[in-house]
Amino acid sequence: MEALNHPSSEDLSSYALQALDPNEAQSVAEHLLTCQECRQQLKAYSAVADGLLFAVPPKTPPAQLRSSLEARIAAGRPVAAPPRRGFRFSIFQAALGAAVVVLLAVTAYLAYQVNDLKQQQQALLQLLQQNQTSLALISQLGVSVIPLQTNQVAGNIVISPDGQNGVLFVHGLSPLDPNHTYQVWLIPASGSPQSAGVFQVPQNQSTSYLSIRSPVPIQDFSNIGITVEPSGGSQAPTTEPILLDNI
Amino acid sequence: LAEITDEELVKRVVQKDEKAFLALYDRYASQVYSLTLHVLRDEQLAEEATQDTFFKCWSRARSFFTERGAFAHWLLTIARNTALDRLRLDKRRPALSGEQDPEEIWELLPEEGSESDEARWRALYFILQSLPDDNRVAIEMAYYQGMSHSEIANTLGWPIGTVKTRIRLGMDQIRQQWLKEEAPEPKSKPSLPSV
């Protein structure tokens, strides 16, 4: 009965050729572990199978196969620093450098534009605020309107009933360069002029205005004046007033 | 390097001696190429398989152990498996050996002392060609095409039992003729017809 469990010669010969289906091969392999007789029989078939490795007439491969193999092996070696490629390499570097410079310039220009737009936005917001304040002020009942007049410049100052808020409207001023600004001064009968704020005259606009807040009633000052000062304003007037009138 | 044994050359290849490696290539390129060509039936694919075989030899020479068998046997087993894998890839058949580690080749080789040697094996070429066609075809499809019983049966339209019988008969015939032809150690190895 035991012999019935041995793999057949067909299975052993095919096993030696690795031609059995996987489940059959597994079964034969397990049997071989414990059966010396079958291992001996397989040994003969395996010797034949191994011989088949050599049972093919030799044929010389193409010559370039050897050089291709050498190149493949060489590709696996540590690579030495590549030789400089002279002019061609320099052109590439120059082109790359130029591209980087152009990219940086464009980036800087765009950053400048963004910053400029932010400043414009901020200025517009301040202007809008002033507009709203001025509109609210002149809409109040009991406001005072004091006309101002010099040879070249005219205007009005609208003062709230409590006297501590006002809006100055000026006509006839020219736009200044970015390094200068107009500065408004409230001048007491005695003592130093006090700054009421600075303003610019936008291009293509004939009227400028400035919201003024004062801790004391504006009417308590004797005069109002406008001078041209360095950008940001001054602690005290540094130029002759282009407008000076009584309040 | 012509006088140096395969085993000594392999030791040098382990040390990344390219000259030793190329000496082995010069010795065995024809056999590897012919075997892969016989399996793949395409010169371009055979060249690629030959190159892959020798590259595995170069990169995994450390896994060759002299005491476990002949270098030629180890190398040609790698060549056969490499070619069969490529064949199965092209035919979209499941791979038999996959990315087989050269160390695993040992499990496919005969036990040490099997009394096989390259010279005797070469005689098998003539014996194989003398087999009845059905027996020879079944053996060649199994060994050189890597086909299982089922695949051979489907391809030839034979019952599986017939496939098994043809293989067994062919293997027995080879063995018997081989034993009959076996003679005392030949002075010169039989030469094969060049192709």
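Note that this is a predicted model, so its numbers are computed, not measured. Each chain gets a letter, A, B and so on, in the order its sequence line appears, and its residues count up from 1.
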Contacting moiety of [X], where chain A heavy atoms sit under 4.5 Å:
X      : answer
B:L128 : side chain
B:L22  : both
B:E140 : neither
B:T50  : side chain

task: Compare all side-chain heavy atoms of A:L69 with those of B:W58 and state whether any distance is below 4.5 angstrom.
output: no
field: Residue pair A:R66 / B:Q51, side-chain heavy-atom distance below 4.5 Å
entry: no
- prompt: Taking atom CG of A:L65 and atom OH of B:Y33, what is their separation to the nearest 0.5 Å?
  reply: 8.0 Å
query: In Å and rounded to the nearest 0.5 Å, what is the CD1 to OG distance from B:I167 to A:S14?
result: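 Rounded to the nearest 0.5 Å, the CD1-OG separation comes to 4.0 Å.
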Test side chain to side chain donor-acceptor pair (under 3.5 Å) applied to A:E10 and B:R168, B:K164, B:H149, the passing residue: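 Between A:E10 and the candidates, side chain to side chain donor-acceptor pair (under 3.5 Å) is satisfied uniquely by B:R168.
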query: Which bit of A:A25 comes within less than 4.5 Å of chain B, counting heavy atoms only: side chain, backbone, both or neither?
result: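 For A:A25, neither part sits under 4.5 Å from chain B.
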task: Let me see the working for B:Y144 and A:V56 under side chain to side chain contact (heavy atoms under 4.5 Å, CB included), right down to the final yes or no.
output: CA-CA 10 Å; B:Y144 295 121; A:V56 179; 3.8 Å; yes
query: Any sub-3.5 Å donor-acceptor pair from B:Y143's side-chain atoms to A:A49's backbone N or O?
result: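 Looks like yes, one N/O pair under 3.5 Å.
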- prompt: Picking from B:R166, B:H38, B:R175, which has the most non-hydrogen pairs under 4.5 angstrom with chain A?
  reply: B:R175
message: Given the ring of B:F55, does A:R72 sit roughly above its face, with NZ or CZ under 6.0 Å from the centre of the six-membered ring and within 45° of the axis?
response: yes
